[in-house]
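Written below as structure tokens is the structure these notes are about.
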Amino acid sequence: MINIRSGEEIELIRESARMVAQSLDLAAELIGPGVTTGELDREIEDFIRSHGGTPEFKGFHGYPASICTSVNEEVVHGIPGKRVLEEESIVGIDIGVRKNGYVGDGARTFVLGEVPEEVLSLVGTTLDALLAGLEVVREGVHLSDVSNAIQRVAESRGYSVVRALAGHGVGAELHEPPEVPNYGPPGFGPILKAGMVLAIEPMINAGGPGVRTLEDGWTVVTADSRMSAHFEHTVAVSSEGADILTIA
């Protein structure tokens, strides 16, 4: 069952999603060489709690931190800690916030210092793929039309789409139906309806699409150790298109 949210519910989700965007803006201010991922986690948790929200990730299926910090070949779910960020790195920050009983979810990949052009291209392509998917979102289209738009951008530029992970519905819970893959042919899956709320999140690899999970049980890395990038927005479906909720 895919939830159809009322206008009032969407506004409550927007509040949480706005705090996600504000938290990511804070991450952009804090992040840099010499900063530890644990410091980012603490600062962002403090910000969320001081503004009336709670970090949705903390304790989710036992996850030990408030944000995910995924560096270089880490695709998603990197656990913050003592790791010191270095120049010539990319860092995916993924944040979930619960406020007033509803959840927002979003992610950005940040570039630290001078990186090779191919790394900038990977990050830019991942953002472009997300935007291409959002352009397709509107009442009456198939969910796989969104997935296909993301895949076409990534693969047309020589990158691969992670297939083992996907976006998802979001609202009263962090993960709700439907699953939102980042690949697939158009014209399949549920028909989007106004009031659906989706977390759309392409994860794009510089090399092959394969991934594996480290011994910590959380951190997902590329199988070939090449870099990966990740962007995510929470959006509400409308007859006019995607209402992007993760905007500060």
Side-chain angles (χ1 to χ4, degrees), residues 1-28 40-69 76-77 80 92-108 130-131 133-134 137-139 143 146 165-182 189-203 218 230-248:
M1 173 70 74
I2 301 174
N3 290 304
I4 304 297
R5 299 296 179 185
S6 67
E8 180 180 349
E9 288 179 302
I10 288 172
E11 291 310 308
L12 291 171
I13 297 169
R14 192 189 306 276
E15 284 191 44
S16 300
R18 183 181 294 119
M19 194 175 296
V20 169
Q22 293 167 341
S23 299
L24 288 166
D25 287 346
L26 176 60
L40 292 174
D41 184 65
R42 288 190 294 273
E43 291 283 350
I44 292 170
E45 178 175 353
D46 287 348
F47 173 81
I48 292 169
R49 293 191 185 280
S50 68
H51 288 78
T54 57
E56 178 68 6
F57 294 174
K58 195 163 192 176
F60 183 77
H61 295 306
Y63 185 74
S66 294
I67 68 174
C68 299
T69 53
V76 287
H77 306 160
I93 306 290
D94 193 354
I95 300 173
V97 171
R98 179 179 292 273
K99 187 177 182 182
N100 298 323
Y102 289 89
V103 179
D105 191 8
R108 299 178 196 166
L130 172 58
L131 296 176
L134 297 181
V137 172
R138 64 178 34 80
E139 187 173 31
L143 180 62
V146 180
L165 301 161
H168 49 90
V170 63
E173 302 298 334
L174 177 59
H175 290 162
E176 297 183 352
E179 186 174 89
V180 185
N182 295 303
I191 300 292
L192 298 187
K193 297 180 181 179
M196 290 181 178
V197 180
L198 308 173
I200 300 174
E201 52 175 325
M203 293 151 275
W218 284 102
H230 177 212
F231 285 89
E232 177 181 21
H233 270 308
T234 294
V235 303
V237 177
S238 79
S239 59
E240 298 177 356
D243 180 4
I244 301 174
L245 306 181
T246 33
I247 293 177

Q | Atom of A248, atom of Q22 and distance for their closest heavy-atom approach | A | CB-CG, 3.9 Å
**Q.** 4.5 Å side-chain heavy-atom contact, T234 and V103
**A.** no
Q: Output the distance between atom CG (L130) and atom CD1 (I244), rounded to the nearest 0.5 Å.
A: 7.5 Å
Q | Minimum heavy-atom distance between G195 and I10, given as atom pair plus value | A | CA-CD1, 4.0 Å
Q.
So that I know where these two stand, are F60 and H175 an aromatic pair - ring centroids less than 6.0 Å apart?
A. yes
**Q.** Spacing of I4 atom CD1 and I2 atom CD1 [to the nearest 0.5 Å]
**A.** 7.0 Å
Q | Approximate separation, where rounding is to 0.5 Å, of L24 CG and F231 CZ | A | 10.0 Å
Q.
Does I67 form a side chain to side chain contact (heavy atoms under 4.5 Å, CB included) with I93? I'd like the steps, not just the answer.
A. CA-CA 7 Å; I67 68 174; I93 306 290; 4.2 Å; yes
Q.
On a heavy-atom basis, which atom in E139 and which in K193 lie closest, and how many Å separate them?
A. CG-CA, 4.0 Å
Q) Does a side-chain N-to-carboxylate-O contact under 4.0 Å join R14 and E11? A) yes
Q. Got I200 and E232 here, is their nearest side-chain heavy-atom distance under 4.5 Å?
A. no
Q. Nearest heavy-atom pair of A242 and V235: which atoms, and what distance?
A. CB-CB, 4.3 Å
Q.
Under the criterion side chain to side chain contact (heavy atoms under 4.5 Å, CB included), I'd like the reasoning laid out for T246 against R18: C-alpha separation, chi angles, the key distance, then a yes or no.
A. CA-CA 5 Å; T246 33; R18 183 181 294 119; over 6 Å; no
Q. Is a donor on one side and an acceptor on the other found under 3.5 Å between the side chain of R98 and the backbone of A172?
A. yes
Q. In Å, rounded to the nearest 0.5 Å, how long is the span from CD1 of I13 to CG of N100?
A. 11.5 Å
Q.
Ignoring hydrogens, what is the shortest heavy-atom contact between A166 and M203? Give both atom names and the distance.
A. N-CE, 3.9 Å
Q: Drop me the distance from L192's CG to S239's OG, to the nearest 0.5 angstrom.
A: 12.5 Å
Q: Find out whether V137 and D243 are in side-chain contact, i.e. whether some heavy atom of one side chain is under 4.5 Å from a heavy atom of the other.
A: no
Q: Check whether any side-chain heavy atom of E56 sits under 4.5 Å from a side-chain heavy atom of K99, and report yes or no.
A: no
Q | Stepwise side chain to side chain contact (heavy atoms under 4.5 Å, CB included) check, V180 with L143 | A | CA-CA 7 Å; V180 185; L143 180 62; 4.1 Å; yes
Q. Do the side-chain N and O atoms of Y102 and E9 include a donor-acceptor pair separated by under 3.5 angstrom?
A. yes
Q. Under a 4.0 Å N-O cut-off, is there an ion pair linking E176 with R5?
A. yes
Q) Once you round to the nearest 0.5 Å, how far does CD of E43 lie from OG of S23? A) 11.5 Å
Q: Would you indicate whether the side-chain heavy atoms of H168 and E179 approach each other to under 4.5 Å?
A: no
Q. Hey, are the side chains of E240 and R138 touching, using non-hydrogen atoms and a 4.5 Å cut-off?
A. no
Q) Does the pair L40 and L26 meet the rule for a side chain to side chain contact (heavy atoms under 4.5 Å, CB included), with working shown? A) CA-CA 9 Å; L40 292 174; L26 176 60; over 6 Å; no
(Q) For a 4.5 angstrom cut-off between non-hydrogen side-chain atoms, does W218 reach V76? (A) no
Q: With the side chain counted from C-beta on, respond yes when D25 and R108 share a heavy-atom pair under 4.5 Å apart, and no when they do not.
A: yes
Q.
If I compare all heavy atoms of F47 with all of S50, which pair ends up nearest, and what's the gap?
A. O-OG, 2.9 Å
